[in-house]
**Student:** 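Take this structure first; my questions come after.
Each ligand, and each atom within it, is numbered from 1 in the order the structure gives.
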Amino acid sequence: MPESHVQSRSSSSFADAARGVVAMAHFAGERHWVPATSGNFSVRIDGRLAAVTASGADKARLTEGEVIEAEISGPKHPRASAEAPLHLARYAADAAVGAVAHIHTLPATVLSRRHEAAGVLRLEGWELLKAFSGIQTHETALDVPIVPNDQDTDRLAALVEERLKVSGPAYGYLIAGHGLYVWGASAKDAIRHMEAFDFLLTAQLHEEAAR
Ligand SMILES: [Zn+2]
């Protein structure tokens, strides 16, 4: 195969991945889940590369030019956001992860602090748990890990991956006082999982307030 062919195939997968990143960012931005340029989004390109939002971009108005191509296990990209290691560590740890979203929703942020000491938030008995790939019934419990916040995101990513190795099946985790990380096999799955988490965490917050 001529080299130009290989290159165009690789850049078209970057373009596909970048479109997925933009779709996730706009979905979250429209719902006010990424206030004040917070949040970030990524889509795996292949075993070595991922498309990731650049640092500082307004996610609600994100364009494909604000998406960078980052090496999953390589040196840090100069325009990568500080939280890129948390995305890349997910791709390195689990080949089934095809897209990662990080959002700062109000219920996620409040509940992550309330349950920080327990290290986990249990979501149980809700019909919408079935929105997660692989869950077939509401008669289940999903334990969402909670890790303490840390500005050293390489250290935080290592802690998260240690926790995920021993937790049950997870679709996301909370960082205390900070927000939520969610993933899926594709950008479409990650969008559905973001929406499910937002609904479930909102329901949980209301239920706890009513107790
Ligand atoms: Zn954040």
Side-chain angles (χ1 to χ4, degrees), residues 18 20-44 50-63 66-68 70 72 76-94 97-116 119-121 144-164 167 170-184 187 189-191 193-202 204-205:
V21 170
V22 169
M24 288 193 288
H26 288 179
F27 187 89
E30 283 159 12
R31 287 158 182 79
H32 306 287
W33 294 344
V34 283
T37 79
S38 67
N40 27 71
F41 302 89
S42 64
V43 171
R44 182 197 288 277
V52 189
T53 40
S55 176
D58 178 350
K59 310 308 179 304
R61 293 179 185 78
L62 191 76
T63 62
E66 292 167 304
V67 180
I68 58 169
I72 291 168
K76 200 166 193 150
H77 190 290
R79 288 176 65 208
S81 85
E83 293 194 37
L86 293 158
H87 289 249
L88 302 176
R90 287 278 59 225
Y91 296 120
D94 186 349
V97 174
V100 180
H102 170 51
I103 52 180
H104 292 197
T105 72
L106 201 61
T109 310
V110 172
L111 288 167
S112 67
R113 284 229 302 208
R114 185 178 290 164
H115 295 272
E116 181 179 4
V120 68
L121 172 63
V144 185
I146 305 175
V147 294
N149 200 11
D150 189 343
Q151 299 303 322
D152 182 334
T153 49
D154 288 311
R155 188 167 58 197
L156 184 55
L159 174 69
V160 165
E161 295 305 329
E162 279 305 309
R163 284 289 307 277
L164 290 172
S167 72
Y171 303 87
Y173 62 85
L174 293 161
I175 306 176
H178 178 161
L180 172 68
Y181 268 82
V182 192
W183 53 89
D189 276 7
I191 284 174
H193 290 173
M194 267 197 278
E195 198 170 20
F197 265 121
D198 185 61
F199 180 89
L200 291 165
L201 295 173
T202 303
Q204 181 77 22
L205 189 62

**Student:** Show your reasoning for whether side-chain contact (heavy atoms from CB on, under 4.5 Å) applies to K59 and W33.
**Tutor:** CA-CA 10 Å; K59 310 308 179 304; W33 294 344; over 6 Å; no

**Student:** Indicate yes or no for a side-chain donor-acceptor contact from H26 to the backbone of L62 under 3.5 Å, with no hydrogens or angles considered.
**Tutor:** yes

**Student:** Would you call the rings of Y181 and Y173 parallel, tilted or perpendicular if under 30° counts as parallel and over 60° as perpendicular?
**Tutor:** parallel

**Student:** Is there a side-chain contact between R114 and Q204 (heavy atoms, below 4.5 Å)?
**Tutor:** no

**Student:** Return yes if some donor-acceptor pair links the side-chain N/O of S112 with the main-chain N/O of G177 below 3.5 Å, else return no.
**Tutor:** yes

**Student:** Looking at G179, is its backbone amide N or carbonyl O close enough to the side chain of H104 to form a donor-acceptor pair, meaning the two atoms are under 3.5 Å apart?
**Tutor:** no

**Student:** Using 2.8 Å as the cut-off, note every protein N, O or S atom close to the Zn ion (ligand 1).
**Tutor:** E83 OE2, H102 NE2, H104 NE2, H178 NE2

